[in-house]
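Step one of this worksheet: look at the structure below.
When a residue number appears, it is its place in the shown sequence, counting from 1.
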Amino acid sequence: MFLNIALPKGRLGNTAYQMLKKAGYSCAELEGDSRKLVFENEQTKIRFFLVKSSDVQVYVYHGVADIGIVGKDVLDESGIKVLEMLDLKFGICSFAVAGKAGFTYDTRHILKVATKYTKIAAEHYSKKNQEIELVKLNGSVELAPLIGLSDVIVDIVETGTTLRENNLEVIEYFYNSSARLIVNEAGYRFKQAAIDKLLKKLEFEVEQVRGKKDD
């Protein structure tokens, strides 16, 4: 019986695969130059799917994949219910509220917030009891406060370079994201031994990476 793993395309998936490979879950076919989307290792009974990062949890939720690697931000924004089993400690970034330099809140007015992470933004401001108007954007959110479309933005910040180049500054950090290993709940019941074995090996690899960083 194969263990099916959904990997996101791109840097997150590449890093996840290297960690899986060190844990003994490699697939030579996946390492070649191929446009295929499904890769199998018959010997270890591992099957990898390469999917868009925002779709990983969908494949896991519907049971097509037993396991998936996905950013915590993508997982929380989707609202899809799966088992979150392990923080892999890479792909780390922070969510922040940012606005034009010198911007201050005026609590007498509804705050206009531009973001592609509408669920995460709404939950953040709900906790602050701040009334907001959400402006859903799919890219270049930094433009919104510059042209008056919004007061602030909610977005992932890694280095802050894009903000500074557009005369924006972080008002607050409020949420940290990293790569997470997720599991289909029903699949876990049927393949618990195999999944637990993989989890134990990945936990060891995570600790090895953390140990090197601490040295």
* Audit row: S178, R180, side-chain hydrogen bond (donor to acceptor under 3.5 Å, both in side chains) steps and yes/no -> CA-CA 6 Å; S178 60; R180 306 298 166 99; 3.0 Å; yes

* Structure fact -> Smallest heavy-atom separation, I195 atom then G187 atom, equals CD1-O, 4.1 Å

* Asked: Heavy-atom distance under 4.5 Å between the side chains of F2 and E42, does that happen here?
  -> yes

* Should K191 and M1 count as side-chain neighbours, where that means a heavy-atom distance under 4.5 Å? -> yes

* Distance in Å, L181 CG paired with M19 CE, rounded so as to fall on 0.5 Å steps -> 10.5 Å

* Answer yes or no: is there a side-chain heavy-atom contact under 4.5 Å between F204 and K200? => no

* Asked: What pairs with E31 under side chain to side chain contact (heavy atoms under 4.5 Å, CB included), at least two apart in sequence or on another chain?
  -> Y17, K21, S26

* Starting from the C-alpha separation in whole Å, work towards a yes-or-no answer on side chain to side chain contact (heavy atoms under 4.5 Å, CB included) for L163 and V170. => CA-CA 8 Å; L163 294 179; V170 172; 3.7 Å; yes

* Do we see a donor-acceptor contact under 3.5 Å between the side chains of E133 and H109? -> no

* Check the hydrophobic clustering (I, L, V, M, F, W, Y; side-chain heavy atoms under 4.5 Å; chains of links allowed) and say if F90 and L198 are grouped together. => yes

* **For the student: nearest non-hydrogen atoms of I69 and A16, plus distance** => CG2-CB, 3.7 Å

* Asked: Atom OH of Y117 and atom CG of D76: how far apart are they, to the nearest 0.5 Å?
  -> 11.0 Å

* Beyond-backbone contact of I5 with D66, side-chain heavy atoms, under 4.5 angstrom -> no

* **Closest contact, heavy atoms only, N41 versus C27** => N-SG, 4.1 Å

* Which distance, rounded to the nearest 0.5 Å, do you find between the CG of N14 and the NZ of K9? -> 12.0 Å

* Asked: Heavy-atom distance under 4.5 Å between the side chains of N4 and I67, does that happen here?
  -> no

* **Shortest non-hydrogen contact between A101 and E169, atoms and distance** => CA-CD, 3.6 Å

* Asked: If you link I, L, V, M, F, W and Y whenever their side-chain heavy atoms are under 4.5 Å apart, who else ends up in the same group as V38?
  -> F49, V51, V56, V58, Y59, V60, Y61, V64, V70, V74, L75, I80, V82, I182

* To do: Apply ring pair (Phe, Tyr, Trp, His ring centres under 6.0 Å) to Y175 and list each qualifying residue two or more places apart in sequence or on a separate chain.
  => F95

* **Same cluster (ILVMFWY, side-chain, under 4.5 Å), V97 and V157** => no

* To the nearest 0.5 Å, how far apart are OG1 in T162 and CG in D155? -> 9.0 Å

* Structure fact -> NZ (K45) and CD (E40) are apart, to the nearest 0.5 Å, by 8.5 Å

* Evaluate the criterion side chain to side chain contact (heavy atoms under 4.5 Å, CB included) for residue pair F39 and R47; output intermediate values, then yes/no. => CA-CA 6 Å; F39 304 87; R47 181 182 293 118; over 6 Å; no

* Give the minimum heavy-atom separation between G71 and S177, together with the two atoms involved. => C-OG, 4.2 Å

* To the nearest 0.5 Å, tell me how far N176 CG sits from I92 CD1. => 8.0 Å

* Please list, chain by chain and in numerical order, all residues satisfying side chain to side chain contact (heavy atoms under 4.5 Å, CB included) with E165, sequence neighbours excluded. => T161

* Does R11 offer a backbone N or O that forms a donor-acceptor pair with the side chain of T15 under 3.5 Å? -> yes

* So, the side chain of E77 versus the backbone of I120: is there a donor-acceptor pair under 3.5 Å, distance only? -> yes

* Structure fact -> With sequence neighbours left out, the residues meeting side chain to side chain contact (heavy atoms under 4.5 Å, CB included) with Q130 are L111, Y125, K128, I132

Which side-chain N or O atoms in residues 134-151 pair as donor and acceptor under 3.5 Å with protein atoms at least two apart or in another chain?
residue	atom	partner	partner atom	Å
K136	NZ	K116	O	2.8
S150	OG	V152	O	3.0
D151	OD2	K112	N	2.8

* Is there a donor-acceptor pair closer than 3.5 Å between any side-chain N or O of D87 and the backbone N or O of K89? -> yes

* Spell out, as yes or no, whether a donor-acceptor pair under 3.5 Å connects the side chain of E172 to the backbone of A96. => no

